[in-house]
Amino acid sequence: GESVGLHLPTLSVQEGDNSIINCAYSNSASDYFIWYKQESGKGPQFIIDIRSNMDKRQGQRVTVLLNKTVKHLSLQIAATQPGDSAVYFCAETPSAASGSRLTFGEGTQLTVNP
Amino acid sequence: ETGVTQSPTHLIKTRGQQVTLRCSSQSGHNTVSWYQQALGQGPQFIFQYYREEENGRGNFPPRFSGLQFPNYSSELNVNALELDDSALYLCASSAGTVRETQYFGPGTRLLVL
């Protein structure tokens, strides 16, 4: 969904723990989803993507799960490290007809405590 | 690093002025999208350029305009600046327009006084 407000949801974890960041989307026609990581003062960095014909995709230390029934996306980070501290955004492409314009969620601030 | 570069990194303008922001896309990419990111919020889509033509526009007024050049680099122009235009302006390049991963540059921080 669209970003609203100035207060980001926050998640605080201990180094070495697993992190789960959640995202709800609103458009049932969305067929491509991406997770980005944004560190302070930098542009969003691509982490992992998933297409609507899949429900799970794994990368290096990260897994994305897609539940189209409830329009929910999650990002799992294994063995979270201090360098993972950042704001995480999910983004969706509303439909193939709209090209690759991205609609971003509100973001989650992840803090990893040593 | 994504290979997407933006200039300048920071800019201060006053209300009513005009600004031009620049973006060089990653090698091999023919599509550039521009986003505005207000503090504490997610990026908002402004418009996209594909092979020098506008290919979709978000909910931004006409005083936001753009160009794409034959080498696929791009400019974002904003006329009659308003205080609310203060934001981080991001460009992203991709290898096409449909379900292609967008790679972002570092952004230009614009402050309008």
Side-chain angles (χ1 to χ4, degrees), chain A residues 1-10 21 23-27 29-54 57 59 64 73 86-109, chain B residues 1-7 9-10 21 23-26 29-51 53-60 66 84 87-109:
Chain A
E2 296 289 337
S3 298
V4 292
L6 297 176
H7 298 287
L8 292 172
T10 59
I21 301 171
C23 176
Y25 64 95
S26 56
N27 191 335
S30 293
D31 60 2
Y32 179 52
F33 305 87
I34 311 100
W35 280 99
Y36 286 94
K37 170 187 178 183
Q38 188 173 25
E39 297 175 279
S40 181
K42 297 184 178 181
Q45 174 189 352
F46 171 83
I47 302 173
I48 192 168
D49 60 2
I50 189 168
R51 302 189 190 282
S52 59
N53 61 351
M54 304 171 69
R57 190 165 188 221
V64 55
L73 196 65
V87 177
Y88 288 81
F89 290 100
C90 66
E92 59 183 296
T93 298
S95 72
S98 66
S100 56
R101 71 169 67 185
L102 297 173
T103 299
F104 282 79
E106 63 180 342
T108 296
Q109 173 73 60
Chain B
E1 297 296 327
T2 62
V4 180
T5 61
Q6 292 187 244
S7 63
T9 55
H10 295 83
L21 310 181
C23 171
S24 292
S25 59
Q26 185 172 314
H29 286 182
N30 56 20
T31 304
V32 172
S33 304
W34 286 92
Y35 295 82
Q36 179 195 67
Q37 186 176 26
L39 198 62
Q41 299 189 20
Q44 299 286 321
F45 176 76
I46 303 175
F47 43 56
Q48 181 181 86
Y49 279 85
Y50 170 65
R51 293 186 175 180
E53 298 287 331
E54 187 178 290
N55 182 53
R57 187 179 183 92
N59 189 26
F60 281 81
D84 285 349
L88 181 67
Y89 288 85
L90 297 160
C91 82
S93 77
S94 54
T97 62
V98 180
R99 300 190 207 88
E100 292 287 344
T101 302
Q102 295 187 24
Y103 296 94
F104 285 82
T108 293
R109 174 72 64 186

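Just so it is clear: chains get the letters A, B, ... in the order the sequence lines come, proteins before strands, and each one is counted from 1.
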Taking side chain as C-beta onward, heavy atoms only, is Phe45(B) less than 4.5 Å from Thr103(A)?
no

Which bit of Glu100(B) is near chain A, if near means a heavy-atom gap under 4.5 Å: side chain, backbone, both or neither?
backbone

Would you check if Tyr36(A) and Phe46(A) make a side-chain contact, meaning some heavy-atom pair closer than 4.5 Å?
yes

Any idea which of Tyr50(B), Tyr103(B), Phe104(B) has the most non-hydrogen atom pairs under 4.5 angstrom with chain A?
Phe104(B)

Against chain A, label Thr101(B) side chain, backbone, both or neither, depending on which of its atoms sit under 4.5 Å from a heavy atom there.
both

Atom group of Gln109(A) that falls short of 4.5 Å from chain B, counting heavy atoms
neither

Atom group of Gln6(B) that falls short of 4.5 Å from chain A, counting heavy atoms:
neither

Nearest heavy atoms of Ser33(B) and Gln48(B), plus distance in Å
OG-NE2, 3.0 Å

Contacting region of Tyr35(B) [heavy-atom separation from chain A under 4.5 Å]
side chain

Heavy-atom closest contact (Ile50(A) atom, Arg57(A) atom, distance)
CD1-N, 4.0 Å

Student check: side-chain heavy atoms of Leu90(B) and Gln102(B) closer than 4.5 Å:
no

Per-residue contact mode, Leu102(A) against chain B (heavy atom under 4.5 angstrom):
both

Please say whether more than 12 non-hydrogen atoms of neighbouring residues, nucleotides or ligands are located less than 6.0 Å from CG in Asn59(B).
no

